[in-house]
Amino acid sequence: MGPVSIGAVLTAVAIVGGVGVCFAAMIALTHRKFYVWEDPRIDEVTGLLPGANCGACGQAGCRAFAESLVGAAAKPALCTVSSPEVLEDIAAYLGVAVGEANRRVARLLCAGGCDAAPPIADYRGLLTCKAAAAVNGGGKSCAWGCLGLADCQVACTFDAIRMNPVGLPVVIPDKCTACGDCVVACPKDLFTIMPIEQRLIVQCKSALEGDEAERRCRVACTACGKCVMDAAPGLIEIRDGLAVIDYAKNDLARPGATARCPTGAIVWVEGSQFAESPKLAEALA
Amino acid sequence: MMMLWNRRLQFRHGVHPPDHKELTAEVPIRRLPYPDEVVLPLRQHTGKPARVTVKPGDHVERGDVVAEPDGWVSVPIHASATGTVESVDPWPHPDGSWSPAVRIAVERYSAQAARARLVPEWQTLSPAELIAAIRDAGVVGLGGAAFPTHVKLSPPKEQPIDTVLINGCECEPYLTTDHRTMVEYPERVQLGLRIMMRALGVKRAVIGVEKNKPDAIAAIRATVPADVDVTVEALTVKYPQGAEKMLITSLLGREVPSGKLPMHVGVVVQNVASAATIAEVFDTGLPLVERIVTVTGRGVRRPSNLIVPVGTKIRDLVAACGGFTEDAREVIFGGPMMGLAQANLDTPVLKGTSGVVVLGEAEIKPRRSYPCIRCGHCLAACPVFLNPQLLGQLAMKGRYQDMEAHHLADCMLCGCCGYTCPSNIPLPQLFALAKSAARRVKAPA
């Protein structure tokens, strides 16, 4: 290559610089032309929200929730992750009331740990519930029951799920934000998100009835119907081998409905599940 | 170059697992006494489950319809024994779920004779009538996937079929169902093939059998009819030679494009046992109520080839083979490469169950899984030319959409990659999970 003249360098700089200036001008113009005004409060509120993007409020993420807050389409209390103080701050900033949210938690519809529903086959393979469920259902005696390999615990962003000694996930209500990640993670579809005041819960999903169900799990719902008789009329009905509670009539629910349950499948939950259920403890004893 | 491939009659890639067929290859098929109870799940075939037509308490004769097809890709289910319907309730299904099944208490001391029925001469029936008769007999592919046979025999008009392939490879280790069918009932295979050729209006057929079954090849060759163009080819012994697409490559040198079916290259592939069953339908008029099952492995005392009613439980099968040995550890429906492990001995044999393999402790010794060393053995084994190493890494990260982009849909879960992996990475299990996750995502949309 021969020597490069300074003139050629200057020409190149001028051309590239000129092109740059042209594009800069175009970008500036486009920015003016297509500028969309956005409420600056949205950014502020997004900053106050926890940024977990869990979706428990029903929005796609924290920013989407902030937009609906600023648009007065939602109340701050719908964010179940923020502490009450933060909610107060948001409400004060926007000049609205905190509002009432009905507090919801994840509940496990199975009480059959490895003591109540022992495995009938020895599963060897990837140690996740999803993988085990794909190999002949996981080898548990009850085909509907919890496999106890903690996919839900792994999925939980808020550290709200702990496995108990019999291999059942215990949801800590104070930490649970009802985001629903565990519902998606469970291959047996055992989790459900429900309002915390729904205290009467049938902790079983087995479609089997009577002795068939009990033979496979000591705490299975046998569809005997005793709870139906003990509860307010119409609150509980037997459907497909299970007692099904009509939560529209939740006001009528009383702990008495669990009194005669032979297996302890129906329980009255105050706080977290599997914690203080004498009926269940008795069934397992 | 292509001609050279064809002359060796094989496909590229694949693995050579020990076949263990010596356990039952020489054992003649024997008929099992009827069990006390048979269980017929309504979901026995690919497609929509059948709709039940009986209720508890009904008396059924062997061969009576107990469930009718629901839609085109569905077949009826017939009582496999004379008796009384006990219940129509959930029952353990080989896939691990509990799904609705018709339980029949088999009548003691019954002759188990089928009702007298009219069996038309197949030569006098039109293709449409033949296909309808095959459907009414509940015939599905007996190789394992249980795809309704009548659907395969009714290709759309724009897909002309020029060749019928009969799959007698039986490349899965242990299984000898097809082998014994060819040795003992070669005329049935030939008759079933002729009926299928008539139904499809096809003039040419090829029967492919792996070279490790010389007696089957001889029996089939000896019965080839002189008036139609049927050739018998001995194929290289390699797994998965019996996979539909591999077989087409080996025998015809045609490649089925990704996402397409054999009919798109003018081929229909049927299993030898399916052909034999079709022959039986037009021979005796009896629908698909029994099948040949290999019960084998180091975990049973007396490995056997059995004719059993569809719906016989594992428990009864194993009892008929002398029971479990002390170190029996794992029961598999189908072969060890692609079969389904079973957890419940009450699970019944379905129409598509070609064998029950019981493995001993020594054969299933759990081995630790190590990190991938990128040796590339899996790439050299994958018969559909995927990159199992990459797919495995994506699967472990849960990146199922990226797996789709790398043609996960072409994976048939043959298990070659997992078999050959020196790090014991459970690749097929990861892929099976990814496939079911993809189905879950697609289902709600």
Side-chain angles (χ1 to χ4, degrees), chain A residues 110 112 114 117-145 147 149 151-152 154-155 157 180-181 183-190 204-213 215-217 220-223 239-242, chain B residues 86-87 89-101 103 314-315 328-334 339-347 359 361 363-369 392 395-396 398 400 413 418 424-441 443-444:
Chain A
C110 174
C114 58
I120 51 170
D122 179 17
Y123 168 73
R124 296 170 181 177
L126 290 173
L127 286 178
T128 68
C129 303
K130 274 207 174 73
V135 181
N136 211 253
K140 198 178 171 99
S141 53
C142 169
W144 292 266
L147 296 173
L149 295 172
D151 277 14
C152 47
V154 174
T157 328
D181 282 354
V183 178
V184 179
C186 182
K188 300 273 183 185
D189 291 327
L190 291 173
C204 182
K205 276 201 131 179
S206 163
L208 299 177
E209 294 176 9
D211 292 349
E212 275 291 301
R215 198 177 320 139
R216 294 188 164 75
C217 174
C221 172
T222 57
R239 204 189 299 149
D240 296 334
L242 276 180
Chain B
E86 284 175 285
S87 66
D89 280 328
W91 190 263
H93 190 276
D95 72 3
S97 66
W98 282 57
S99 53
R103 279 169 69 195
I314 301 177
R315 205 179 288 287
R329 293 293 292 167
E330 185 173 353
V331 180
I332 303 170
F333 265 21
L340 299 167
Q342 297 300 312
N344 199 322
L345 293 181
D346 287 326
T347 311
L359 299 177
E361 177 69 53
E363 288 163 295
I364 58 155
K365 206 170 145 212
R367 286 185 296 177
R368 213 183 121 191
S369 187
M396 283 189 215
Y400 298 137
L413 300 174
N424 301 316
I425 300 171
L427 292 164
Q429 193 182 9
L430 287 167
F431 300 158
L433 278 183
K435 276 170 174 269
S436 68
R439 271 198 295 276
R440 257 191 181 208
V441 171

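We name chains A, B, ... by the order of the sequence lines, and we start the count at 1 in each one.
Listed for the Lys205(A) side chain is no donor-acceptor partner under 3.5 Å among the backbone atoms of Lys188(A). Asp151(A) contributes a side-chain N or O that, together with a main-chain N or O of Cys129(A), makes up a donor-acceptor pair within less than 3.5 Å.
Residues Ile425(B) and Met396(B) have side chains in contact (heavy-atom distance under 4.5 Å, counting atoms from C-beta outward). Within the 4.5 Å cutoff, the side chain of Arg368(B) has no heavy atoms near those of the Asn424(B) side chain.
With a 4.5 Å cut-off on non-hydrogen atoms, Leu345(B) does not touch chain A at all. In this structure, the portion of Pro94(B) lying under 4.5 Å from any heavy atom of chain A is its backbone and not its side chain. Interface remark: Ala432(B) contributes no atoms to any contact with chain A (heavy atom separation under 4.5 Å). Using a 4.5 Å cut-off between heavy atoms, Leu433(B) contacts chain A through its side chain alone, with no backbone atom that close.
Residues satisfying the salt bridge (Lys or Arg N to Asp or Glu O under 4.0 Å) criterion with Asp346(B), sequence neighbours excluded, are Arg315(B).
No other option in Ser97(B), Pro90(B), Ser369(B), Ala341(B) has as many heavy-atom pairs under 4.5 Å with chain A as Ala341(B).
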